[in-house]
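To start, the structure itself, in structure tokens.
Quick note on labels: first sequence line is chain A, next is B, and so on, each numbered from 1. Keep in mind that what you see is a predicted model, and the values were worked out from it rather than measured.
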Number of protein chains: 2
Amino acid sequence: MKEKLLKSFQGFASFSEQELSLIISKTKLRNFRKKENLLKVGETCSAFYFIVEGAIRQYRTNKDLDEITLNLYLENSWVLEHQSFTSQKPSTTTIQAFEDCTVYELGMHAVHELIGQSPSFFQLGKILEQPLQGVELYQNLTTPEEKYRAILKHNPKLIQKFPLKHIASYLKITPETLSRVRNKLSKSS
Amino acid sequence: MKEKLLKSFQGFASFSEQELSLIISKTKLRNFRKKENLLKVGETCSAFYFIVEGAIRQYRTNKDLDEITLNLYLENSWVLEHQSFTSQKPSTTTIQAFEDCTVYELGMHAVHELIGQSPSFFQLGKILEQPLQGVELYQNLTTPEEKYRAILKHNPKLIQKFPLKHIASYLKITPETLSRVRNKLSKSS
DNA sequence: CTAATTTCTTGATTTGGATCAAGTGCTACT
DNA sequence: AGTAGCACTTGATCCAAATCAAGAAATTAG
């Protein structure tokens, strides 16, 4: 069960076995039901979540109450509200279980404790660097087709898991446009 | 001369006088001429720069060799390539002096040394949190007018200092569109 | 000081993607 | 199984901003 989590930590830095088990002892296994929120607007993000199983969506609600999808996550990903976490101010976005999820939670205070014990845990800060997602990934892509090709290439599993409307919102295009692009590409190949 | 820099550090955390002078002893005063690069594509960002005087532009070059402005900075700002710095991988963007600049440079190694001496210098990591700029600031704004109003409200000095074409690129609109928006707003007020 | 170059403005035209609309297909719930 | 509510597709229309173009204004270079 903890293998995935271990692997993820090992990817960040060369922690010793002792260090790894110390980190893991600070994590807490949690379950979220579909539609349940890991973080609500107004709450301050004070933990990292590692997805063992399930899928998670992060979104913002605009003035017309449309949900704008900001990030989509699958298993083996770290999830947090970067802005809120680093500033310790209330989040303006919601992080929600898109389906039933099993996650490990690593609280900010636990991380601070660890760093207090040994500076090597400073490496955990690398979890914060993860989110090279969403806007950042697609920032230099302009047309719907380019965006769809990019997600198809780099994150095909997202397309399989999430419905078209969320993918469309994530790429900042309408569902109609995405439907047409997808149709066009499937014909040309 | 160091007053601005001191103030900036004091804004991050309550460093003691000793700590402050220790940090400052690690900084190096540097000058860049107009058009000179602080960081080129392919180089890895390994320092923070604090602008004492001058203006700096960060841009990406696309396949048509257009320069896409990503960030604009004025004095009292910290400048770095966030992505490259945290990952220690080559930058895909250029950071260039838009006019002659005087900056303080704080190298990554110096920061690591400081943190080694005292965990309180961990607070310097807050410099990384600064760049709530560009895309992030305008990500939920859709129309050119909204974007221009926002920059006018939050960063009027940018408009005064940088030419229209850079502002337009920064807002991801064409110079023609920005010219029209600006014209319209100046009439309606 | 003048020429050359760049920046900005203004108008005409085009166009890609949004919006609107209607129909079909899925899924889930009782 | 039936129906209610989403999700997706497809076509028609619209529109905001891009593009194209040409001239004016400002800046820079010689």
Please report, rounded to the nearest Å, how far the [atom2] atom of [N] is from the [atom1] atom of [X].
X         : N       : atom1 : atom2 : answer
Leu141(A) : dG16(C) : CG    : P     : 18 Å
Tyr148(B) : dA16(D) : OH    : P     : 21 Å
Ile167(A) : dT9(D)  : CD1   : C1'   : 17 Å
Lys184(A) : dT10(D) : NZ    : C1'   : 16 Å
Asp66(B)  : dA18(D) : CG    : C1'   : 13 Å
Phe98(A)  : dA7(D)  : CZ    : C1'   : 11 Å
Leu164(B) : dA25(D) : CG    : C1'   : 13 Å
Glu67(A)  : dA7(D)  : CD    : P     : 11 Å

| field | Sequence-distant partners of Phe98(B), ring pair (Phe, Tyr, Trp, His ring centres under 6.0 Å), two or more places apart | value | Phe162(B), His166(B)
| field | Inter-residue atom distance Trp78(B).CH2 - Leu106(B).CG, 0.5 Å rounding | value | 5.5 Å
| message | Please check this pair: side chain of Thr69(B) against backbone of Ser169(B), looking for a donor-acceptor N/O pair closer than 3.5 Å. | response | no
| Lys147(B) (side chain) donor-acceptor with Leu171(B) (main chain) under 3.5 angstrom | yes
Could you tell me whether the phosphate oxygens of [N], OP1 or OP2, come under 4.0 Å of any side-chain nitrogen or oxygen in [X]?
X         : N       : value
Thr177(A) : dG17(C) : no
Thr174(A) : dG17(C) : no
Asn183(B) : dT9(C)  : no

| message | Counting distance alone, no hydrogens or angles: does the base of dT10(D) have a donor or acceptor under 3.5 Å from a partner atom on the side chain of Arg182(A)? | response | no
| task | Kindly say whether, by distance alone, the side chain of Arg180(A) makes a donor-acceptor pair under 3.5 Å with the base of dG16(C)? | result | no
| field | Among dC20(C), dA7(D), dA17(D), the one nearest Glu176(A) by side-chain distance | value | dC20(C)
| Which nucleotide, dT10(C), dA18(C), dA7(D), lies nearest any side-chain atom of Ser179(B)? | dT10(C)
| Among all residues two or more places apart in sequence or in another chain, which pass the salt bridge (Lys or Arg N to Asp or Glu O under 4.0 Å) test with Glu19(B)? | none
| remark: On DNA chain D, more 5' by nearest nucleotide between Pro144(B) and Phe162(A) is Phe162(A)
